[in-house]
Amino acid sequence: MSWLTKTLSSSIGKKILMAITGLFLCTFLIIHLVGNLQLFKSDSGYAFNTYTVFMTSNPLIKTVSYVLYASILFHAFWGLYLEYLNRKSRPIGYVVQKNQSSFASRKMAVLGTILLVYIAVHLGDFWAEYKFGHLPYVKYTENLTSGEITAVEHLPDTYQQQVKIVETYNEESGSKSVIVKNLYAEAEEAFSNPLLVLFYVLSMAVMGFHLSHGFQSGFQSLGLNHPKYNPFIQKVGLWIFAILIPIGFAIIPVYFLIK
Amino acid sequence: MAESTIKLDAKIPEGLLAEKWTKYRSTMPLVNPANKRNLEIIVVGTGLAGASAAATLAELGYKVKAFCFQDSPRRAHSIAAQGGINAAKNYQNDGDSTYRLFYDTIKGGDYRSREANVYRLAEVSTDIIDQCVAQGVPFAREYGGMLSNRSFGGVQVQRTFYAAGQTGQQLLLGAYSALERQVGMGAVDMFSRHEMLEVVMIDGKARGIIARNLITGELERHFGHAVVLASGGYGNVFYLSTNAMGSNVTAAWKATKHGAAFANPCFTQIHPTCIPVSGDHQSKLTLMSESLRNDGRIWVPLKKDDSRKAVDIPEEERDYYLERRYPAFGNLVPRDVASRAAKERCDAGFGVGHSKMAVYLDFAASFERYGHLEANKNNLHGLIQEEILDLGRAVVKEKYGNLFDMYKQITGEDPYQMPMRIYPAVHYTMGGLWVDYNLMTNVPGLYACGEANFSDHGANRLGASALMQGLADGYFVLPYTIGAYLSGEIRTKSIPTDHEAFVEAENAVKNRINKLLQIKGKQSPESFHKRLGKIMWDKCGMARNEAGLKEAISEIRALKDEFWTDVRVMGDVEEFNPELDKAGRVADFIELGELMCIDALNRNESCGGHFREEYQTEEGEALRDDANYIYVAAWTQKEDGSWQLNKEPLNYENIKIAQRSYK
Amino acid sequence: MSEGNMNITLKVWRQKNSKSQGNLETYDVKGISEDMSFLEMFDVLNEKLIVEDKEPIAFDHDCREGICGMCSMYINGRPHGPLEGVTTCQLHMRSFKDGDTIVVEPWRAQAFPVVKDLVTDRSAFDRVIAAGGFVSVNTGNAQDANAIPIPKTEADKAFAAAACIGCGACVASCKNASAMLFVSAKISQLALLPQGDPERQTRAINMVNQMDAEGFGNCTNTGACAVECPKEISLENIARMNREYLSASFTSSED
């Protein structure tokens, strides 16, 4: 074995891999949420739909997204493998156990598994729909001077799905027409189902718990524990990653449901 | 006692006191490295002395086998030492020197120890600190990064190095890590959960041991060119002591069965500040470090059977008896003196607590003193009394917090709010296997070091000197002196353990174990131990007298007979069986108890920890008899089981003997 | 010999040896005084069992003053019982109520097999120390003790880590039976002191490798170990060990 495989397959190396992938996923969450906040713009999904195009076609972002998929899969299955190993370390359990650790820290594998299911559903709802499914197209006409969306035209269902975006400029009227796949409409439709909304909201609660331990745990695994900075890391982990971000995500389906 | 006594040659080198060790060390025969690899040494016990000896011998190249009964060598009872370790470093520039440490130790031991041994101890004390620091022992330090020192009873310099109240732990973990390093390199074979049950003698020399694997119950034969016993003290003969539950005399006792002399068995140290007994269930006593007497005042009520709470007894109705009797030293008199004074007050009916066998150790005055100092230092004015006391409590907490917590845990009382109740308890045994200057017993090839031998503390040990002696023996004395013996053994090949001496020894052990199991009586080993402890404490404890000792001897003999006819040992041979281990140890304690009483009866004087009521001054102080008893009483067992007294006279060539006074 | 008025029902794990199956047995212990230590209550029970011609319960104990690290009972779901910063031997019956039922189990970990009843084999810890928990300095090698000044704060931190008593409560409490608090305490002690510097890298790597070989679980930073540690060893040590191990792995010139 090379020194690197030896290092990464040691108990410390194993958790380092969890920490690195986990913290990477945390940064993704911020970007994802910021992007998703465009759903709240009252522009009939113009900003969101064009943003979607950008995110799925920019080569750099595409590369990063492959790293992201890999990270999700690695983090999930490596975590489950570690859980399996850890359970083997105590073949006979206790009859009575009063744990002094937080609920979330003990149940990371369960929480993570729920999240994996959630991610699969979520990707199926949107990512797969966008990539392989049949989405309607929408045409936005934007006044280039005022930035106002002047017309929204839902196009017939006959558009080719390979095309993500068609932009045309009309210099005379000083406007731009954009034809894109209408993922926004997909969201509207999906989140009209109260059961799905409930599933999303609960999943975000699960994510909150997962991150309430996961974020600061990642720092500890990387050896970043210092009395001066620890309170800050813990606050960011709790308030931003365990509370604000999950709420931010959870509001979206609720918003569409009650809109 | 008509039989001829054995000759006890201490083998003290010639020459000036200060040069003996250096000269001797430079001229003793050596073993070359190639031969060391073929020489095997057995070390029994892994406390400070045993672990340091085993590690050092392995570093030198010998093949070492180390044994301990605990599940890990790190748990030997040295770990529980609190206060510190002495060394004549003179880092405090307060006039300390090798000679001063030597002198203090001899005087503290009430002039009953060997000059040459004690001088050597003082000499190597400085090397110990260097070695421990190099190992990474985290001693307390000053802000400048230099080592910190504190003072202990019986001396006027600051020479005690410490690591909070856990010095023994840190030193032992240092020695243990050195030992484990050798284990990791394969130079030491470590046998934990093994108990040595017999010495194997071949042609008059110690050549191995029989040990019981405490997990499987199997008896194992181990050969060694030499055997080192570092098995600790025998304070548990009193049942209640500050020793660990497992501390026992068995290894040393087996040596006496092969002619090894047991020296000064009656010299036991009773520590004045321990948490008192709370009931019959009590299994052990806990020490409150001597350092507490720096800040605590000891008192009892002036009135007999005063049942008021301590805080309700006004100042003028309290008797600060140490300050009253010993104005010069006050609460900081040596251990033996403080212990006897507490016993005197309690016996006279002035004791406190529900048992009436305790005195108060009161920190109220210190809370107030430190509180005012803190208030002044921080420019706080107009504080109410309770606020000042709180400031003082914080200072005391920083110094002794862990001890206060321990006290609260055990008694359920908060010593920050009310005085501690304390009472003397058995703590250390100065007596042990007789050894010469080389730490070899009178059995060739059989060595004893640390508390297991008798060598350095005379009739009373000074605080913070036990750690010093254990490590001195193990790191810096035995590894040299054993080489001189082994240099004569380089032609001795390893003796196979099917040698008849091993077979016989194993059979002897087997028979004894079977005998214990087959008695199938009614009483548990524990109950015998308790009864022995009570006899010893009542009649051979803090104060002894002729009549009591004679009674004790006959009671112990009767107890021995009862033990061997009515003990109940549960469980089987071939399994993990703590009851069997205990039974064997108690059987040895019973025999030792008798010898201690015989020794105490023989010594018609009071000195150090040995206080014979018949021999005291008018003020109740110990009265030594230097004309008749300035010798080491080394006892050997005769064929019929009775004990032969052998005397090693003590010659004081460098120190003028004087009466100890603390008034 | 009843001295008090507490009656306790004990459920204790009984197991003949490492090869046999064990189970919880129920015992009534009467007349317990609240001043008794938890182990003294076991003494009382064992004496009673002997009188009834039953085999006493085997449990590890030695110093009974909280420093040797031998005692190791998992009491009502927590190592060393309900109090924090306290070993089993320092736990007293006043922490319980008359009529309580107390479940007592041995440490549970693959790396700590049960020897008998409540006694486990913790020799894995010794092997971890033997792998690198030392400074390689032969007797006689040392320079003067004051030759290297060590800042008080660093010495204090090293001491706090060195206060570990090796009882194994960290392993017992960890849901993964991980030994990282124990191992990190020793690595930290020596990493904080200049004496430990020459072997800093090999120590971290060798000790972690040995820890893994012993079959302890991985750390998932739940923090239970630090809560249950009777000597209150800090989680900071585990982070330090992670750093030490990583920097050693990535920068040492050895493979």
Side-chain angles (χ1 to χ4, degrees), chain A residues 1-19 22 78-79 81-109 112 213-227 229-230 233, chain C residues 11 13 22 24 74-78 82 84 103-106 108-111 114 171-180 204-205 208-209 211-212 215-228 234-250 252 254-255:
Chain A
M1 256 196 297
S2 82
W3 67 270
L4 188 63
T5 16
K6 244 192 248 171
T7 303
L8 294 179
S9 57
S10 73
S11 54
I12 292 178
K14 283 184 190 127
K15 62 183 200 163
I16 294 289
L17 291 175
M18 287 303 283
W78 192 243
Y81 170 61
L82 290 187
E83 175 73 7
Y84 161 76
L85 290 182
N86 287 338
R87 287 189 181 208
K88 269 203 346 197
S89 308
R90 175 168 293 136
I92 301 173
Y94 294 106
V95 176
V96 181
Q97 203 166 7
K98 285 195 193 121
N99 290 298
Q100 300 304 304
S101 47
S102 68
F103 168 81
S105 71
R106 287 195 310 277
K107 301 291 172 204
M108 288 301 273
H213 175 69
F215 184 76
Q216 44 116 345
S217 173
F219 283 86
Q220 167 82 2
S221 290
L222 292 170
L224 303 172
N225 176 328
H226 191 285
Y229 309 113
N230 255 9
I233 293 172
Chain C
K11 292 185 177 205
W13 186 261
L24 282 179
Y74 201 83
I75 301 163
N76 274 351
R78 296 185 65 180
E84 277 162 29
V103 180
V104 186
E105 298 171 78
R108 295 288 189 200
Q110 192 191 23
V114 171
V171 175
S173 66
C174 176
K175 80 174 190 62
N176 310 323
S178 166
M180 290 221 181
I205 291 178
V208 168
N209 287 347
M211 167 177 80
D212 292 352
F216 292 107
N218 298 288
C219 176
T220 52
N221 304 324
T222 70
C225 53
V227 177
E228 299 291 18
S234 157
L235 283 183
E236 226 184 302
N237 293 307
I238 297 186
R240 188 179 291 106
M241 172 174 72
N242 295 344
R243 286 201 297 276
E244 291 289 320
Y245 177 78
L246 278 185
S247 82
S249 298
F250 281 87
S252 80
E254 289 166 42
D255 251 357

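Note that these values count all heavy atoms, side chains included, but never hydrogens, waters or copies made by symmetry. Quick note on labels: first sequence line is chain A, next is B, and so on, each numbered from 1.
- We find the CD-OG1 distance between Gln220(A) and Thr220(C) to be 11.0 Å, quoted to the nearest 0.5 Å.
- For Ala226(C), no part lies under 4.5 angstrom from a heavy atom of chain A.
- Although no hydrogens or angles enter the test, the distance criterion places no donor-acceptor pair under 3.5 Å between the side chain of Glu236(C) and the main chain of Pro227(A).
- Within a 6.0 Å radius of CZ in Arg106(A), other residues, nucleotides and ligands contribute more than 12 heavy atoms.
- Counting all heavy atoms, side chain and backbone alike, Tyr94(A) lies closest to Arg108(C) at OH-N, 3.0 Å.
- Put simply, CG on Leu224(A) and CZ on Arg243(C) are 7.5 Å apart, with the number rounded to the nearest 0.5 Å.
- Rounding to the nearest 0.5 angstrom, the gap separating the NZ atom in Lys98(A) from the CD1 atom in Ile75(C) is 10.5 Å.
- With a threshold of 4.5 angstrom between heavy atoms, Phe216(C) approaches chain A through N, CA, C or O but not through any side-chain atom.
- Rounding to the nearest 0.5 angstrom, the gap separating the SG atom in Cys174(C) from the CZ atom in Arg90(A) is 6.5 Å.
- Proximity to chain A is limited to the backbone of Pro106(C), based on heavy atoms less than 4.5 angstrom apart.
- Here the closest heavy-atom approach between residue Gly217(C) and residue Ser89(A) is recorded as CA-OG, 3.1 Å.
- In plain terms, the two heavy atoms of Glu105(C) and Gly93(A) that are nearest each other are OE1-O, 4.2 Å.
- Taking chain C as the reference chain and counting heavy-atom pairs below 4.5 Å, the highest number among His226(A), Met108(A), Lys88(A) is found for Lys88(A).
- Side-chain contact check for Lys175(C) versus Lys107(A): every heavy-atom pair is 4.5 Å or farther apart.
- The distance from the CG atom of Asn86(A) to the SG atom of Cys219(C) is 9.0 Å, given to the nearest 0.5 Å.
- For the set Asn209(C), Asn221(C), Val227(C), Asn76(C), the entry with the most heavy-atom pairs within less than 4.5 Å of chain A is Asn221(C).
- Asn176(C) CG to Leu85(A) CG: the interatomic distance, rounded to the nearest 0.5 Å, is 10.0 Å.
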Tell me which donor-acceptor pairs under 3.5 Å the side chains of residues 11-19 of chain A have, and how far apart each pair is, sequence neighbours excluded?
residue	atom	partner	partner atom	Å
Ser11(A)	OG	Asp212(C)	OD1	2.6
Ser11(A)	OG	Asp212(C)	OD2	3.4
Lys14(A)	NZ	Ser9(A)	O	3.3

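- When heavy atoms are compared at a cutoff of 4.5 Å, Leu235(C) approaches chain A by way of both its backbone and its side chain.
- For Cys225(C), no part lies near chain A; criterion is any non-hydrogen pair under 4.5 Å.
- Contact detail for Phe250(C) and Thr7(A): the closest heavy-atom pair is CE1-CG2, 4.2 Å.
- For a residue to count as touching a neighbouring chain, one of its non-hydrogen atoms must lie under 4.5 Å from one of that chain's; by this rule Ile238(C) touches chain A with backbone and side chain alike.
- Taking the salt bridge (Lys or Arg N to Asp or Glu O under 4.0 Å) definition, one finds that Arg78(C) meets it with Glu84(C), Glu228(C), sequence neighbours left out.
- Gln216(A) does not touch chain C: none of its heavy atoms, backbone or side chain, sits under 4.5 Å away.
- Both the backbone and the side chain of Met241(C) come within contact range of chain A, with heavy atoms under 4.5 Å apart.
- Contact count against chain A (heavy-atom pairs under 4.5 Å) is highest for Ala172(C) among Ala172(C), Ala224(C), Ser178(C).
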